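For clarity, every value in this text was computed on a predicted model and none was experimentally measured. Chain letters run A, B, ... following the sequence lines, proteins first, then strands; residues in each count from 1. These values consider heavy atoms only, across backbone and side chains, with no hydrogens, waters or symmetry-generated copies.
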There are 2 protein chains.
Amino acid sequence: MEKHRLPDTPFWVDPESVASDHLTLSPEESHHLLRVHRAREGTPFEAVDGRGNFYRCSVRSVERRAVIGKILARAQDVGELRRPVEILVGMPDWGPLEQIVAHGVPLGVSQFDFVRCARSTGTVLGAQRLARLDRLARAGLKQSRRTRLPAMRSSASLEEAVAAALEGTRLVAHPNAAGTGFPPSDEVQGSFSLAVGPPGGFSAEEYEFLRSERFQPISLGPSRLTTETASITLIGLARNALQSSDLRVH
Amino acid sequence: MEKHRLPDTPFWVDPESVASDHLTLSPEESHHLLRVHRAREGTPFEAVDGRGNFYRCSVRSVERRAVIGKILARAQDVGELRRPVEILVGMPDWGPLEQIVAHGVPLGVSQFDFVRCARSTGTVLGAQRLARLDRLARAGLKQSRRTRLPAMRSSASLEEAVAAALEGTRLVAHPNAAGTGFPPSDEVQGSFSLAVGPPGGFSAEEYEFLRSERFQPISLGPSRLTTETASITLIGLARNALQSSDLRVH
């Protein structure tokens, strides 16, 4: 591998650091661009702001350790699915939770909600843990060349989570929904709101509540999946449905 | 959580340790059953042999630290997909490789082949690393309540891997196959042979070779996925296709 190759991953830029013809990288991103990639005046790079904007730039100058980039081209919603995909996950332990974010961000999730359920062992995520997930999501966003940073929530109850959930196609992974797989592309509409139980599953009452809120129970297959494997699989199925249907991304 | 609850995960039994009416657990599995689950004579447990057999048993006796179980009932292919799903993965680093096995086993993969490709950094997996993956697969098999242990291979070249690949539906994840998603359930036939490139992707020659071997290029969506995320997603799509199609598992 070349040592001085151009960065193939975009840099993060805060939306408020973007002007009409130039943008300013944070000292941390600037350091990465200047030291790791040995950028100098004129070096091309790309940037994303987490709100759907993608910028093609070149280094114009360095002021007080911050790279000023000249904006050469802009694009909107690069790498994004045509419709939002949200997922409610019954709170698992921290390791599985990180895995869901690490795979779910590149797969296009627009909102994660880690929900305290009857069988969750952990408690609601505090600001510090949400901030850690946010950093993980940022890294995944850049790596996967997406442009919209997903929202991170942690609801104290399933009721609270469902109240904030999208309309559209609502699906819940259910171990006893044998034979009822993911709906075919021509049956899904608009955005996805997905739900996966905590380790041990949703309680009977929770399944009933989800059903009353129009979450359709589907089976993910004949063997038992962990919360993290089920979540990643369900996200992948929603992603594929969005690209296979009329909502196809061009 | 109860302290003495019955094991909800089957125990491993070697096929040669199964007689017509009883079976013998290894000292390690016996220790787990006796110490962790505090089993005694008459305690019910389940066992799998990795070759498709599932046994419902009760502890008959303990001889020289090995549990002898009376076989109460047998079942075949519990937790298995109706058809095999094999995956060739361009060799990633060890961490991603473990993730692919950890998620892929519960999802029903019948064979993993980690293949040395033009852009692979690592070398072919030796016996010791394959044995480590085998142990990981066993744990996943028990946890997910499957019964057939997937095969683990590591081919020295893509040619070698494809020569050993199943006929049936052959698919390769391709970053430039925009708009061509996973084929609908009524277009897939029989078993799946899936292929995912190493970090950096298959080379142009490798894609061409796969295409000449009837691997149909499909897109996994508009953003860039790592080898491990792409692998898990593709396996999940194949799994769903097998349960949604006429090959549905009852």
Side-chain angles (χ1 to χ4, degrees), chain A residues 1 8-9 77-82 99 102-108 119 121 140-148 175 177-186 200 218-226 228-245 248-250, chain B residues 1 8-9 77-82 99 102-108 119 121 140-148 175 177-186 200 218-226 228-245 248-250:
Chain A
M1 241 178 253
D8 79 334
T9 296
D77 285 330
V78 172
E80 291 296 312
L81 299 176
R82 179 81 177 270
Q99 282 190 49
H103 293 285
V105 170
L107 288 171
R119 294 193 188 133
T121 48
L141 193 87
K142 295 194 290 181
Q143 199 61 48
S144 64
R145 304 180 66 83
R146 281 185 63 188
T147 43
R148 288 194 180 270
T180 317
F182 197 87
S185 301
D186 52 2
I218 64 164
S219 165
L220 293 179
S223 50
R224 184 167 63 180
L225 305 181
T226 59
E228 57 274 28
T229 302
S231 299
I232 300 164
T233 301
L234 196 50
I235 294 164
L237 292 169
R239 175 181 177 86
N240 184 67
L242 284 176
Q243 88 161 336
S244 300
S245 73
R248 174 150 44 216
V249 174
H250 295 287
Chain B
M1 240 177 256
D8 79 334
T9 297
D77 285 331
V78 172
E80 292 296 313
L81 298 176
R82 179 81 178 269
Q99 282 190 48
H103 293 285
V105 170
L107 288 172
R119 295 193 188 134
T121 47
L141 194 87
K142 296 195 289 182
Q143 199 61 47
S144 64
R145 303 180 66 84
R146 281 185 62 185
T147 42
R148 288 194 180 271
T180 317
F182 198 87
S185 301
D186 52 2
I218 64 165
S219 164
L220 294 179
S223 50
R224 184 166 64 179
L225 304 181
T226 60
E228 57 273 28
T229 302
S231 298
I232 300 165
T233 302
L234 196 49
I235 294 164
L237 291 169
R239 175 181 177 86
N240 184 67
L242 284 177
Q243 86 160 336
S244 301
S245 73
R248 174 151 44 215
V249 175
H250 294 287

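With chain A as the partner, the residue from B:Leu107, B:Leu234, B:Ile232 showing the most heavy-atom pairs under 4.5 Å is B:Leu107. Heavy-atom pairs under 4.5 Å with chain A were tallied for B:Arg119, B:Gln143, B:Glu228; the largest tally goes to B:Gln143. Ranked by heavy-atom pairs under 4.5 Å with chain B, the first of A:Ser144, A:Gly104, A:Gly140 is A:Ser144.
Between B:Arg224 and A:Asp8 there is a salt bridge, since a side-chain N of the basic residue sits under 4.0 Å from a carboxylate O of the acidic one.
Side chain of A:Arg146 to backbone of A:Val105: a donor-acceptor contact under 3.5 angstrom is found.
By the side chain to side chain contact (heavy atoms under 4.5 Å, CB included) test, A:Pro184 is found to be paired with A:Asp186, A:Glu187, residues two or more places apart in sequence or in another chain being considered. For A:Ala238, the side chain to side chain contact (heavy atoms under 4.5 Å, CB included) partners are A:Val85, A:Phe182, A:Phe192, A:Leu194, not counting sequence neighbours.
Only the side chain of A:Gln99 has a heavy atom closer than 4.5 Å to any heavy atom of chain B. Only the side chain of B:Thr233 comes within contact range of chain A, judged by heavy atoms closer than 4.5 Å.
Counting all heavy atoms, side chain and backbone alike, A:Thr147 lies closest to A:Glu80 at N-OE2, 3.1 Å.
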